[in-house]
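The first residue of the sequence shown is numbered 1, and numbering continues consecutively from there. All ligand and atom numbering here is 1-based and tracks the order in the structure. Given the structure is predicted, the values throughout are model-derived calculations rather than measurements.
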Amino acid sequence: MTVAAAADWESRYRDGATGWERPGLNDAYLRWRANGLLTPCRILIPGGGRSSEPLAMAESGFDVTVVDLAESAVAAQRARLEHLHVRARVELANLLEWEASAPFAAVYDQTCLCALPPAAWPEYAERLHRWLAPGGILFALFMQTHSAGGPPFHCSISAMRALFPAERWVWPERLETKVPHPSGLTEQPVVLRRV
Ligand SMILES: C[S@@+](CC[C@H](N)C(=O)[O-])C[C@H]1O[C@@H](n2cnc3c(N)ncnc32)[C@H](O)[C@@H]1O
């Protein structure tokens with residue numbers, strides 16, 4: 001299925017219209033690192049943009065793959081990562097067409113899902129499942145906007161439970177505390193294990 005992109009992401013980067021960017025590392029990322037849920041492994045960061053978590057992970061010993069379709073964001077991540085002799089690669093690609101050369105142990109989705117048109121979510125969720133090895137972990141930041149339209153599109157927990165059903169994904173018993181986003185919105189961190 002071909003679904004039109006929700007936005008012209010490259011133009012947004014070029015115009016500096018990047019209200020989704022954080023000045024530092026996501027509190028949820030820091031929490032997962034501190035409590036030992038997120039440990040060095042081969043990890044995919046879809047729609048990684050210019051976020052700082054890929055470098056933090058690479059410097060901590062993760063084998064990082066970033067995929068994004070915005071040329072200038074990819075160039076920025078490459079400039080930051082690829083000359084540092086850390087284990088990292090940055091690919092310019094549409095995630096709805098891209099395939100992994102081998103399954104990953106983890107995926108870190110920091111507001112990538114909410115950037116995709118909801119019509120593409122089932123396809124994207126299918127791909128996330130395929131990109132992860134059995135037992136692999138999806139570290140997700142589901143954007144909470146509680147309003148219509150987007151991007152970012154509201155990722156209600158009921159919609160997420162339908163998209164990541166219990167037969168294919170193990171959900172935590174309790175949801176974690178939400179993290180604030182500089183835009184005034186919040187993100188719901190969720191750790192899902194791929195069955
Ligand atoms: C809301 S931004 C989040 C960026 C980054 N994760 C962060 O936290 O700063 C969404 C990102 O997804 C990328 N993106 C959107 N649709 C995509 C697609 N179909 N394939 C690859 N990347 C995509 C955009 O270029 C953008 O960098």
Mind checking whether Ala5 has a heavy atom under 4.0 Å from ligand 1?
-> no

Looking at atom 22 (N) of ligand 1, what's its closest protein heavy atom, distance included?
-> Leu69 N, 3.3 Å

Logged contact type for Leu116 with ligand 1, heavy-atom cut-off 4.0 Å, is side chain

Trp171 six-ring centre to Arg161 NZ/CZ under 6.0 Å and within 45° of normal | yes

Proximity of Ala115 to ligand 1 by residue part, where a heavy atom lies under 4.0 Å = side chain

Which residue and non-hydrogen atom of the protein lie closest to atom 13 (C) of ligand 1, and at what distance in Å?
-> Asp68 OD2, 3.4 Å

Can you get from Phe139 to Val170 by hopping between Ile, Leu, Val, Met, Phe, Trp and Tyr side chains that sit under 4.5 Å apart?
-> no

Looking only at protein heavy atoms, what sits closest to atom 20 (N) of ligand 1 is Leu95 N, 2.9 Å

Sub-4.0 Å atoms of ligand 1 with respect to non-hydrogen atoms of Gly48 | 5 (C), 6 (N)

Would you indicate which of Gly49, Gly47, Ser51 comes nearest to atom 6 (N) of ligand 1 when only heavy atoms are counted?
-> Gly47

Is the side chain of Arg31 donor-acceptor paired with the backbone N or O of Pro189 at a distance under 3.5 Å, no angle test?
-> no

Can Tyr13 be said to touch ligand 1, with heavy atoms closer than 4.0 Å?
-> yes

Exactly one candidate in Leu128, Leu95, Val107 meets side-chain contact (heavy atoms from CB on, under 4.5 Å) with Cys112; the answer is Leu95

So which of Tyr108, Trp98, Phe104 actually passes ring-ring contact (aromatic ring centres under 6.0 Å, His included) with Trp131?
-> Trp98

Does a donor on one side chain sit under 3.5 Å from an acceptor on the other, for Ser156 and His154?
-> no

If hydrogens are left out, which of Trp20, Trp9, Tyr108 has an atom nearest to atom 9 (O) of ligand 1, that is, the closest non-hydrogen atom?
-> Trp20

Which protein non-hydrogen atom lies closest to atom 19 (N) of ligand 1, naming both residue and atom, and how far is it?
-> Asn94 OD1, 2.9 Å

Nearest to atom 8 (O) of ligand 1, what protein heavy atom do you find, and at what distance?
-> Gln110 NE2, 2.8 Å

Taken to the nearest 0.5 Å, the spacing of Asp68 CG from Arg50 CZ works out to 10.5 Å

Yes or no on salt bridge (charged side-chain N to carboxylate O under 4.0 Å, His left out) for Asp63 and Arg89, after CA distance, side-chain angles and deciding distance?
-> CA-CA 9 Å; Asp63 179 346; Arg89 68 209 54 75; 3.2 Å; yes

Near Thr111, which atoms of ligand 1 are under 4.0 Å from a heavy atom of that residue?
-> 1 (C), 3 (C), 8 (O), 10 (C)

Inter-residue atom distance Arg193.CZ - Trp169.CH2, 0.5 Å rounding = 11.0 Å

Any Ala93 heavy atom less than 4.0 Å from ligand 1 = yes

